[in-house]
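Source: prediction; values computed, not measured.
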Amino acid sequence: MASASEFCGIDPEGMGELATSLRGAADRLTAFSREFEEKLGRYGVSTPALREISGIADWAGTQVSMLHGRIDLIRTLGAGAPELGGAGGTASMAVGGQGLVRLPDELKGFEVARGLASMYGEDILVHHGGELQAALIHEHADEIAQLADSPQAAAAFFALLSPKVRDALPTLIATTGSKTAKQDLAAFSKALGAALRAPALVPAFAKVRDDLTKPAANKAVAWNRLALLKGANTPSSVRSAAARALVLDDFAKKPRQDWRAGGPTETKEYDLPTDLVAMGLEVLAGDGAAVRDTFARMGGTEVKLSRVEKMKLFLDHAKGSGTGDEIADVFGRAMEAGAEAGTEKAGQHSPEAAAFALDVIRVTSPFGANLPRLAGDSMVAIATSYIHELASGARFDKAAYRGSGTTIPENWISLPNVTPAFYLSPGDTYRFMRTFVGEKQLTDDFDTVAARFRYDTLTAAARLDAQAETQHFENASRMFGDLAGLEFKATLDVRGEMDATDDLIRDITKNTLSLGVDRIPLTGVFAHKAFQETWELTKAYGVSTLLDMWADSFETRVEEATGSRSDFALRLKYDMAHLLHSANYPTSELPTELISKTTGSLKTYDEFVTEAKSEANGRNIKWEQALGRKLIAYERWMDSNEKLDIKVENSSRIQVNETAKEQLRVWS
């Protein structure tokens with residue numbers, strides 16, 4: 001096959017002249033063979049050669065029919081193409097006259113496409129019904145899907161398919177009652193996507209592309225076009241143009257109207273929303289570039305709304321319509337795509353994605369716990385992807401009065417391993433957390449990422465402090481104390497409003513029972529699930545006073561469950577010492593009793609607990625007493641290393657603070 005950059009031209013007029021000449025020659029051969037066969041037959045002369053000539057004439061007749069069919073096909077597929085050598089062509093390509101039509105060297109594929117277009121558009125989808133129609137649609141669906149391997153043939157198929165059939169294709173397939181409707185529609189979408197992604201070499205396909213990206217005659221046609229595009233994996237420009245033209249431009253201009261369009265049969269068969277606005281977002285979801293382009297241009301020049309105001313239109317629509325769940329779910333997924341939450345690395349977001357994420361946070365934060373529930377999954381996806389921004393947004397140590405934006409706040413101190421693309425205010429950080437902390441699974445998803453980020457950041461800070469007399473470790477510790485405080489308070493506020501405060505207390509108690517001083521460890525503090533366990537404790541014990549009137553109840557329940565209240569501040573102190581020592585922070589030599597037989601380095605707090613439990617077993621002492629005795633050597637070693645001791649004390653204390661509770665009252 002010729003490459004897309006090569007010229008492959010066909011002259012229909014010249015081909016027609018060839019067909020006419022061939023037809024005349026065939027007729028003359030037929031007449032000649034008949035005449036001489038008759039004359040020679042009178043004398044009993046055998047005429048096998050004449051019969052061969054007659055066969056050649058018959059073959060020529062079939063070729064004439066084929067040529068005329070091919071001429072019609074070429075003219076149809078070439079409709080709308082500029083004449084070569086004219087204003088839209090290239091003069092050097094005008095070899096052989098002005099009648100050339102430029103098409104890819106896909107004549108065999110075009111013939112297949114014409115056959116399928118005729119079979120579906122003129123027979124199966126118009127002259128049959130019920131089970132037979134469903135069976136026929138499915139029988140040839142694989143042939144449609146295979147067109148994706150020849151994108152220009154796929155383009156020819158849709159160019160040759162009746163526009164009326166194409167605009168009703170999803171409905172026509174669904175209403176047959178077919179059990180394979182979703183699979184069959186996917187075959188058509190696959191072929192269409194291939195055609196839309198390919199270079200536009202079939203001129204007649206331009207009208208198909210144009211129809212898909214311009215306003216439809218009615219909402220039902222718009223819904224069908226969007227349903228066909230949904231699984232087509234089309235280019236970003238096509239997605240944006242189609243979503244805007246078919247629904248979203250009108251939605252931006254006049255949002256308050258009935259947007260229901262998909263019928264119950266179609267929506268059930270394809271698991272697609274009935275709401276046309278939701279369908280527009282469905283086509284965009286998963287394509288960040290298309291989402292951002294749509295929100296930049298939605299409504300055209302007539303609409304003067306900012307991007308945040310446009311986003312809010314969808315949330316208002318979700319709140320005020322009977323199809324709110326459909327809207328909320330796909331709106332969240334579209335926002336997630338626009339922010340590139342699943343495609344870009346945290347701390348390394350592109351400027352355009354980060355700017356979009358900031359607007360998402362700005363528009364959703366005021367809703368807080370009232371954000372439609374089905375958008376929560378996407379909000380936590382954005383939160384975890386933008387953990388650098390949320391952690392920075394929780395900081396109260398500098399510019400607590402700041403607003404959210406891309407400008408670095410005045411007197412800001414950057415932290416190692418923390419690279420935010422924008423800076424949230426503590427209030428916006430808190431309110432955004434409220435959009436997802438109402439559901440435990442979503443909170444757990446966030447905590448998993450926050451815990452790992454905490455460990456990586458503290459490790460990076462410890463290594464830098466080990467090389468110079470800096471305070472990165474303390475500053476990072478303070479940031480995570482603030483982040484934990486904001487998250488914990490947001491969780492309490494949201495779940496309290498949901499009359500679930502008691503459940504929260506039970507959850508925290510249950511999830512942290514094994515994490516205190518009576519925990520039987522696996523290996524090290526930062527092994528296995530210990531990243532998240534330490535984070536859970538930072539939230540639960542470190543800011544337990546944020547429970548206000550529930551604080552006493554919280555402590556009582558922990559004491560009842562464990563027999564003695566776990567002193568997290570104590571544990572955190574040794575965890576911080578272990579982390580600093582692991583980062584080669586300058587210290588004196590370790591005493592023998594502090595060296596782990598397993599690692600050859602400083603024992604973890606958990607190893608001390610294990611040893612204490614083992615020594616207390618069978619003896620008339622409590623393991624806590626044995627632990628206290630063993631920690632004396634640890635304390636003496638830390639006391640003898642003043643810089644380490646001060647850093648450990650400061651970093652552990654500032655992670656268990658009430659800053660979020662006190663300052664949020666002023667800066668929220």
My understanding is that only one of Glu336, His317, Met311 makes a side chain to side chain contact (heavy atoms under 4.5 Å, CB included) with Phe331; could you say which? Met311
Lys/Arg N to Asp/Glu carboxylate O, Lys643 vs Glu469, below 4.0 Å: yes
Assess Arg395 against Trp412: is NZ or CZ under 6.0 Å from the centre of the six-membered ring, and within 45 degrees of the ring's axis? yes
Is a donor on one side and an acceptor on the other found under 3.5 Å between the side chain of Gln348 and the backbone of Lys345? no
Within the distance-only criterion (no hydrogens, no angle test), does the side chain of Ser596 pair as donor or acceptor with the backbone N or O of Lys603 below 3.5 angstrom? no
Does Glu593 pair with Lys630 as a salt bridge, N-O distance under 4.0 Å? no
For Tyr386 and His349, take the angle between the two ring planes, folded into 0 to 90°, and tell me which bin it lands in: parallel under 30, tilted 30 to 60, perpendicular over 60. parallel
Is it the case that the side chain of Ser392 and the backbone of Glu389 share a donor-acceptor pair, with hydrogens and angles ignored and the cut-off at 3.5 Å? no
Look at the side chain of Asp482 and the backbone N and O of Phe396, then say whether any donor-acceptor pair between them is shorter than 3.5 Å. yes
Is a side-chain N or O of Gln625 found less than 3.5 angstrom from the main chain of Lys622, in a donor-acceptor match? yes
Using the benzene-type ring in the case of Trp, are the ring centres of Phe480 and Phe453 under 6.0 Å apart? yes
Quick check: Phe473 with Tyr585 (ring centres under 6.0 Å apart)? no
Please determine if Glu487 and Arg434 form a salt bridge, counting it only when a charged side-chain N lies under 4.0 Å from a carboxylate O. no
I'd like to know whether Lys319 forms a salt bridge (charged side-chain N to carboxylate O under 4.0 Å, His left out) with Asp316, so could you lay out the CA-CA distance, the side-chain angles of the two residues, the decisive distance to 0.1 Å, and finally the verdict. CA-CA 5 Å; Lys319 282 286 188 179; Asp316 290 341; over 6 Å; no
Should the pair Arg629-Glu615 be classified as a salt bridge under the 4.0 Å nitrogen-to-oxygen rule? no
Please examine the side chains of Leu627 and Tyr605, heavy atoms only from C-beta on, and report whether any two atoms are closer than 4.5 Å. yes
For the pair Asp428 and Arg431, find out whether any cationic side-chain nitrogen is under 4.0 Å from an anionic carboxylate oxygen. yes
Is any NZ, NE, NH1 or NH2 atom of the basic residue among Arg402 and Glu410 found under 4.0 Å from an Asp or Glu carboxylate oxygen of the other? no
Just how far is it from atom CZ of Arg307 to atom CG of Leu358, taken to the nearest 0.5 Å? 8.5 Å
Can a salt bridge be assigned to the pair Asp287 and Arg239 using a cut-off of 4.0 Å between side-chain N and carboxylate O? yes
Between Asp639 and Arg636, does any NZ, NE, NH1 or NH2 come within less than 4.0 Å of an OD or OE carboxylate oxygen? no
